[in-house]
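A short write-up of the structure that comes next.
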Amino acid sequence: MNRFKRFLQVVMSTVLMGSVFYFGNGKAAAEDIYITIKKGDTLYSISKKYNISIEDLKTYNQLTSNKIIAGQELMIPDFEQTKPLYVVVAGSFSKKANADKRVTFLKKKGIEAVVVKKVINGKSLYRVQAGAFSSKSKAEKMKKKLKTNGIKDAFLLTEKLHINGITVGSSYIQLVQKFGQPSKTEDDKNTRSLYYRNDGAGVRVTFNAANDSIEQFQVYPEFLKTASVPTEKSQILKLYGNPNEVKMVTCYESAKCEQIIYKFNNDKLIVQIDRDGKTVQYLDLRKSK
């Protein structure tokens, strides 16, 4: 958590001065909650009520101790906007009868599962879903349990498209909290480029002019300082699962690059792979047209 303290002090003091990077009316779609401490409140009781750690509460509010007093205001960051849901898939079938057989097998093993129909590229697939978890570690445990019971094709899906926890609709403050304070920024109308290392922009974000939430953003791992963004194709497939679409496109110098495309609800994630077939050039998350 120490790595957050320096840039959060900058961000929070900027908020208080009313000069945060906003376009339009100054309100973000994903708003943090401010509460007033009441007599008898403790950081422990607040952490339990809002499902946030004491350390996070102290960091986001620049507290140096656990002491709080009645009348004091605390910020409760809106984490729910950025949390993905990890769905455990115990196989995917073109015929529903085969999916039903898998469910019956799992129930005999004491594992609850349901069949979920998905249409990908015009074709119906029947996925056997064995739970959805907000904790990736719990989802991984379920996947391991499935493999132990002979389900070798089990995998995880994230049922909210995100890049490093940031989704379409997140706020700029949340983005900075996840990617870090940039060394410099450049603005062009309602688009901002964030620079972290070398000459290229690590993140380029476009805002919704109506409410200043993130409408689209591209991430270039090569120019980031954080190591939490996938840099190779194998990592992309492990994190996001099977794509909805794969296609070849022309990139630089007439070379052919692969695009891995994920779609969920109204969002689309495009991941472009370099011509070497393994290196991630960029990730682009946007609303589907």
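A continuous path of Ile, Leu, Val, Met, Phe, Trp and Tyr side chains, each step under 4.5 Å between heavy atoms, connects Leu161 with Leu175, placing both in one hydrophobic cluster. The hydrophobic clustering, which links ILVMFWY residues whose side-chain heavy atoms are closer than 4.5 Å, places Leu156 and Met142 together. Under a hydrophobic clustering in which Ile, Leu, Val, Met, Phe, Trp and Tyr are joined whenever their side-chain heavy atoms come within less than 4.5 Å, directly or via other members, Phe179 and Val176 fall into the same cluster. Hydrophobic clustering places Val219 together with Tyr196 (ILVMFWY residues linked when any side-chain heavy atoms are closer than 4.5 Å, directly or through intermediates). Neither Ile151 nor Val114 shares a network with the other; the hydrophobic side chains, linked directly or stepwise wherever heavy atoms of I, L, V, M, F, W or Y lie under 4.5 Å apart, form separate groups for each.
Each of Asp41, Ile46, Thr36 was evaluated against Leu74; a single residue qualifies, Ile46, per the side chain to side chain contact (heavy atoms under 4.5 Å, CB included) test. Screening Lys278, Lys247, Lys233 for a side-chain hydrogen bond (donor to acceptor under 3.5 Å, both in side chains) involving Glu258 leaves a single residue, Lys233.
Side-chain contact, Asp188 with Thr191: no donor N or O sits under 3.5 Å from an acceptor N or O. Asn164 and Ser228 share a donor-acceptor pair across their side chains, judged by distance under 3.5 Å alone. Using modelled atom types and a 3.5 Å distance limit, the side chains of Glu140 and Tyr86 yield no donor-acceptor pair.
Expressed to the nearest 0.5 Å, how far OG of Ser193 lies from CZ of Phe217 amounts to 14.0 Å. Atom CD in Glu215 sits 10.5 Å away from atom CZ in Arg286 (nearest 0.5 Å). The CD atom of Gln272 sits 5.0 Å away from atom SG of Cys257, with the distance rounded to the nearest 0.5 Å. To the nearest 0.5 Å, atom CG of residue Leu146 and atom NZ of residue Lys109 are 12.0 Å apart. Rounded to the nearest 0.5 Å, atoms CG (Leu125) and NZ (Lys96) are 14.0 Å apart. Atom CG of Asn149 and atom CG of Leu106 lie 7.5 Å apart (nearest 0.5 Å).
Asp284 and Ile163 get closest at one heavy-atom pair: N-CD1, 4.4 Å. In this structure, Val128 and Ala113 approach most closely via the heavy-atom pair CG1-CB, 3.9 Å. Of all heavy-atom pairs between Pro221 and Leu283, the closest is CG-CD1, 3.8 Å. Minimum interatomic distance between Gln235 and Thr231 (heavy atoms only, all atoms of both residues): OE1-N, 2.8 Å. When every heavy atom of Arg197 is checked against every heavy atom of Lys225, the shortest pair comes out as CD-N, 4.1 Å. Of all heavy-atom pairs between Glu222 and Asn198, the closest is O-ND2, 4.3 Å.
Using a 4.5 Å heavy-atom threshold, the side chains of Phe155 and Lys238 count as separate. Counting heavy atoms from C-beta on, the side chains of Leu239 and Lys136 come closer than 4.5 Å. Gln174 is not listed as a side-chain neighbour of Ile214, based on a closest heavy-atom distance of 4.5 Å or more. In this structure, Ile260 and Ile273 have side chains that are in contact, with non-hydrogen atoms separated by less than 4.5 Å. The shortest side-chain heavy-atom distance between Pro243 and Leu237 falls under the 4.5 Å cut-off. Under the 4.5 Å side-chain criterion, counting only non-hydrogen atoms from C-beta, Thr250 is in contact with Lys256. Side-chain atoms of Val280 and Val229, non-hydrogen and from C-beta on, never get closer than 4.5 Å to each other.
Atom NZ of Lys147 has more than 12 neighbouring heavy atoms from other residues, nucleotides or ligands inside a 6.0 Å radius.
Listed for the Thr167 side chain is no donor-acceptor partner under 3.5 Å among the backbone atoms of Gly169. Within the 3.5 Å criterion, the main-chain N or O of Ile68 finds no donor-acceptor partner in the side chain of Gln72.
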Trace of the side chain to side chain contact (heavy atoms under 4.5 Å, CB included) decision for Asn66 with Thr42: CA-CA 8 Å; Asn66 290 347; Thr42 64; over 6 Å; no
Criterion side-chain hydrogen bond (donor to acceptor under 3.5 Å, both in side chains) on Asp274 and Tyr282, from CA distance to verdict: CA-CA 9 Å; Asp274 205 343; Tyr282 65 81; over 6 Å; no
Ile69 and Ile37: CA distance, side-chain angles, deciding distance, side chain to side chain contact (heavy atoms under 4.5 Å, CB included) verdict: CA-CA 7 Å; Ile69 58 175; Ile37 296 170; over 6 Å; no
Stepwise side chain to side chain contact (heavy atoms under 4.5 Å, CB included) test for Tyr126 and Asn98: CA-CA 9 Å; Tyr126 298 91; Asn98 291 334; over 6 Å; no
CA sep, side-chain torsions, deciding dist, call: Gln216, Arg204, side chain to side chain contact (heavy atoms under 4.5 Å, CB included): CA-CA 8 Å; Gln216 176 183 353; Arg204 185 168 286 112; over 6 Å; no
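With sequence neighbours excluded, the residues satisfying side-chain contact (heavy atoms from CB on, under 4.5 Å) with Lys138 are Phe133, Ser135.
Note that Arg192 lies outside the cation-pi zone of Phe207, set by a 6.0 Å cut-off to the ring centre and a 45° limit from the axis.
Ion pairing between a basic and an acidic side chain is recognised when a charged N comes within 4.0 Å of a carboxylate O; Asp267 and Lys287 show such pairing. Salt-bridge annotation for Asp100 and Lys95: absent, with no side-chain N of the basic residue lying under 4.0 Å from a carboxylate O of the acidic one.
A ring-centre distance under 6.0 Å is found for Tyr240 and Tyr262.
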